[in-house]
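Let me begin by presenting the structure, written as structure tokens, before commenting on it.
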Amino acid sequence: MATQAIDATTADLLIVCEGDTDREVIAILSERILGNAGSKRSIKIIVAMGKITIPRVANALWNTFYSESKVLDTIHTNQ
């Protein structure tokens with residue numbers, strides 16, 4: 001598995017999610033919503049590899065993203 005540097009400096013919205021499946025679902029929904037709205041906004045989705053690490057990942061990235069960016073942390077339950 002190759003790792004990529006996270007360039008969140010240009011994102012309008014940074015989403016930190018739990019896992020790869022969450023990333024895929026969020027990406028599909030985001031593309032549909034932005035496409036239907038004709039929006040040119042950009043979204044970066046970061047996988048935290050577990051719900052416990054979501055706040056840690058978001059906090060670690062806090063100083064790296066564009067000051068106008070918004071942050072969304074997503075956690076779901078299977079219950």
Side-chain angles (χ1 to χ4, degrees):
M1 176 198 257
T3 58
Q4 295 178 336
I6 297 169
D7 180 19
T9 57
T10 59
D12 294 308
L13 176 63
L14 177 66
I15 300 174
V16 181
C17 64
E18 188 175 340
D20 286 327
T21 303
D22 300 316
R23 180 190 51 77
E24 291 173 16
V25 170
I26 292 168
I28 290 169
L29 291 173
S30 299
E31 287 175 7
R32 286 186 187 173
I33 292 167
L34 293 176
N36 289 340
S39 177
K40 300 294 183 201
R41 296 195 178 250
S42 71
I43 297 175
K44 301 285 184 176
I45 305 170
I46 310 299
V47 177
M49 301 308 289
K51 63 183 171 190
I52 306 261
T53 57
I54 290 174
R56 291 180 189 161
V57 170
N59 287 336
L61 293 172
W62 189 259
N63 292 325
T64 65
F65 46 85
Y66 181 57
S67 63
E68 299 296 318
S69 295
K70 305 295 184 221
V71 179
L72 173 65
D73 298 338
T74 62
I75 300 174
H76 67 88
T77 179
N78 294 332
Q79 298 177 6

- prompt: CD1 of Ile15 to OG of Ser30: how many Å apart, nearest 0.5 Å?
  reply: 4.5 Å
- prompt: In the hydrophobic clustering (ILVMFWY, side-chain contacts below 4.5 Å, transitive), which residues join Val25, or is it alone?
  reply: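 When side chains under 4.5 Å apart are linked, the cluster holding Val25 also contains Leu29.
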Which atom of [X] lies closest to which atom of [Y], heavy atoms considered:
| X | Y | result |
| --- | --- | --- |
| Ile45 | Cys17 | CG2-SG, 3.8 Å |
| Glu18 | Lys51 | CG-N, 3.5 Å |
| Leu34 | Arg41 | CD1-O, 3.8 Å |

field: Sole residue of Ile46, Asn59, Val16 in side chain to side chain contact (heavy atoms under 4.5 Å, CB included) with Ile54
entry: Val16
